[in-house]
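Notes for the one structure printed next.
Note that the numbering runs from 1 along the sequence shown for the chain. Order of appearance sets the numbers: ligands from 1, and atoms from 1 within every ligand. None of the values given here were measured: they were computed from a predicted structure.
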Amino acid sequence: MPGQETPIDAVVVGAGFGGMYAIYKLRSMGLAVHGFEAASDVGGTWWWNCYPGARCDVESLDYCYAFDEALLDEWKWSERFATQPEVLRYADHVADRYGLREHITFSARVNGCTWHEEQRLWTVTTENGDEVRARFLIAATGCLSKPNRPDLPGLDDFAGEVLFTQAWPHEGYDLSGKRVGVIGTGSSGIQTIPVIAREVEHLTVFQRTANFTLPAVNRPIFPEYEAEIRADYLGHRREILQNRAASVKQTIADSAFDLTDEEREAAYEAKWQRGGAGGIPVLFADSLTNPAANEEAARFVRRKISEIVDNPETAEALTPRDHPIATKRICLDTDYYATFNRPNVTLVDLKKTPIERVSTDAIRTTDATYPLDVLIFATGFDAMTGPLRAMNVRGIGGHTIEEAWADGPRTWLGLMVAGFPNLFTITGPGSPSVIVNMIPAIEQHVNWVADLIAHMRKTGQTRVEPLDAAQEEWVNEVRRVAEATLYPLANSWYNGDNIAGKPRMFMAYLGGYPAYAQHCEEIAAAGYSGLELAA
Ligand code: FAD
Ligand code: NAP
């Protein structure tokens, strides 16, 4: 821990992939940097979400850092989509390799960040009473790190175990022989349900909204494919950064209607068999802008559900009909729909029969009572803005982020916020973030911030803040791009819909990674236009 008297150069909040790389990068520039992390170790998402079945949905060979070729070369992934323990081992390896832990205080939740205009410093405090002053504040607090935990009527009366996918016990939990309920069928629920169904006596899945999910087709990585990538790993990385999602290109045509009906069906089928991220909805560039093109992909997946699930009533309940495919985050699964053919699995459609209350040993819906020993919440996050709002950030004149974002997040490029000088938000709202492969997005953000700080040090500047007009322009651009798509049509966490009272606004930039990264580069090349820099 740095002393409280002498200000340091930068405080980094969070030790997931964003915070770890920020600490590494700024330290390698010779800056005095310190990190705070609420968890007891590194890994962020992959430290917290250690529920059974958790794994990445971007291919492991691409879901990793590329800032050091030696690291790329030495780390070997064992599966196409790495499991949570494997991704966490990778984070652990990175922390060891670059000696990061000695610069981080763990089990330290930041509860206050205050800007002091005269000194041009941030004061950062934690719940443990730590206090540090720093020139720059890097919020690497994650897009999906503040859990959403619904308060169901009677929940406090439940005498069984309550577990959360977003904070699963690290020592594991033995579910064998138990009657288990899962609430939530987003990516986390859909990953964990097939795995725990094999373990428990009975599983009851409480589904509010049927979600589209596609087969991951997880497997060991094909050695020939890996060899091909490893022959020029950095070249491969540069190549995928030319694609919208900063991962392997999936799109085969501009429009779903460039193909005949038979060709399109064959393309969907081939993709279904091959599995993988993004999948069927990204095969055609118009799938998320043209309702008719989207409906073709949705129809294909709905047919698959009806073919896989034996009971027609269950199949219908599992069939999404209220949103265009992929406008809620598309899920990737292993045996999800087939799990509902198991005799020990029951699906409860909460749209038809809502939960009335939880009792000591059951959930009662308007229709029936489901006895339970364990209740698992897979209910997601207060995404994008939640972690930043929770940090009690006070900028110029003591104004808070809460106030600045009362009508939804307003940022400059998802990187900075007017009124909050020298604060950087890694993959903040208004950047491509959750829409793309996030580790390259994190590297791009951290590199850009590091370049700006280097520029400021070289030119003797101590304060940087986005201009209001530049921020407004970006907010409007994010909105304009989103409104040209089908995404706003869904009731989703992308729009803030999952949190009561959260302003509705599409929170990520949908223009794609390459366009965004190029825009950031152009701004730097133009001497940081849109920013006010001061000595
Ligand atoms: P995080 O990993 O969320 O780390 C942020 C850290 O900040 C956390 O450890 C948190 O404890 C800490 N923190 C927050 N607030 C405070 C505070 N006030 N004080 C102290 N510490 C604080 N993305 C993909 O691209 N591909 C995937 O396959 C993928 N799979 C995912 C699977 C799951 C289950 C989840 C939840 C997300 C997934 N994501 C995926 C998104 C994932 O969050 C990012 O890929 C990436 O791990 C984010 O890293 P980060 O460092 O930005 O944030
Ligand atoms: P999520 O997508 O927000 O899903 C939460 C689920 O809980 C939804 O089905 C939601 O229903 C339900 N829910 C919430 N509150 C409820 C309530 N009060 N009563 C009943 N149901 C309720 O959250 P998530 O599954 O944790 O995923 C969040 C994001 O994390 C993903 O979209 C993805 O970006 C990332 N992630 C990725 C992976 C991966 O495959 N690598 C795995 C997990 C997470 P409604 O839909 O009706 O709101």
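- Using a non-hydrogen distance threshold of 4.0 Å, K328 registers as a contact of ligand 2.
- Residues passing the ring-ring contact (aromatic ring centres under 6.0 Å, His included) test with W47 are H170, sequence neighbours excluded.
- Summary of contacts: the protein heavy atom closest to atom 28 (C) of ligand 2 is W493 NE1, 3.8 Å.
- Taking 4.0 Å as the cut-off, T185 counts as a neighbour of ligand 2 on heavy-atom distance.
- Classification of R389 and D382 as a salt-bridged pair fails, no side-chain N sitting under 4.0 Å from a carboxylate O.
- Regarding atom 23 (O) of ligand 2, its nearest protein heavy-atom neighbour is G380 CA, 3.1 Å.
- Close contacts between ligand 2 and L144 involve ligand atoms 29 (C), 30 (O), 34 (O), 35 (C) [criterion: under 4.0 Å to a heavy atom].
- Scanning the protein for heavy atoms near atom 20 (C) of ligand 2, the closest one is I183 CG2, 3.5 Å.
- Interface atoms of ligand 2 facing D57, defined by a heavy-atom separation under 4.0 Å, are 39 (C), 40 (O), 41 (N).
- Counting atoms of ligand 2 from 1 in the listed order, those under 4.0 Å from a heavy atom of T209 are 45 (P), 46 (O), 47 (O).
- The closest approach between Y494 and ligand 2 stays at or above 4.0 Å for every heavy atom of the residue.
- Summary of contacts: the protein heavy atom closest to atom 31 (C) of ligand 2 is S187 OG, 3.5 Å.
- Across every non-hydrogen atom of P281 and I330, the tightest pair is CG-CD1, 4.0 Å.
- For A378, every heavy-atom contact with ligand 2 shorter than 4.0 Å involves the backbone, none the side chain.
- Residue Y51 has at least one heavy-atom neighbour below 4.0 Å for each of these atoms of ligand 2: 42 (C), 43 (C).
- For the pair Q191 and ligand 2, the shortest N or O to N or O distance falls below 3.5 Å.
- Sorted by chain then number, the residues whose non-hydrogen atoms approach ligand 1 to under 4.0 Å are V13, G14, G16, F17, G18, F36, E37, A38, G44, T45, W46, W48, N49, Y51, C56, D57, V58, Y63, A108, R109, V110, A140, T141, G142, L144, S145, F381, M391, V436, N437, M438, I442.
- Nearest protein heavy-atom neighbour of atom 10 (C) of ligand 2: R208 NH2, 4.2 Å.
- Residue contacts with ligand 2: R55 is placed with a nitrogen or oxygen under 3.5 Å of a nitrogen or oxygen of the ligand (distance criterion only).
- For atom 24 (P) of ligand 2, the closest non-hydrogen atom of the protein is S188 OG, 3.4 Å.
- Checked against a 6.0 Å centroid threshold, the rings of F212 and H323 count as neighbours.
- Residue F377 does not touch ligand 2, judged by heavy-atom distances below 4.0 Å.
- Salt bridge present: E316 and R321 bring a charged side-chain N and a carboxylate O closer than 4.0 Å.
- Applying the 4.0 Å criterion to heavy atoms of C56 picks out, from ligand 2, the atoms 41 (N).
- No part of F206 comes within 4.0 Å of ligand 2, judged by heavy-atom distances.
- Scanning the protein heavy atoms around atom 4 (O) of ligand 2, the nearest turns out to be G186 CA, 3.5 Å.
- Looking at atom 12 (C) of ligand 2, its nearest protein heavy atom turns out to be G184 CA, 3.7 Å.
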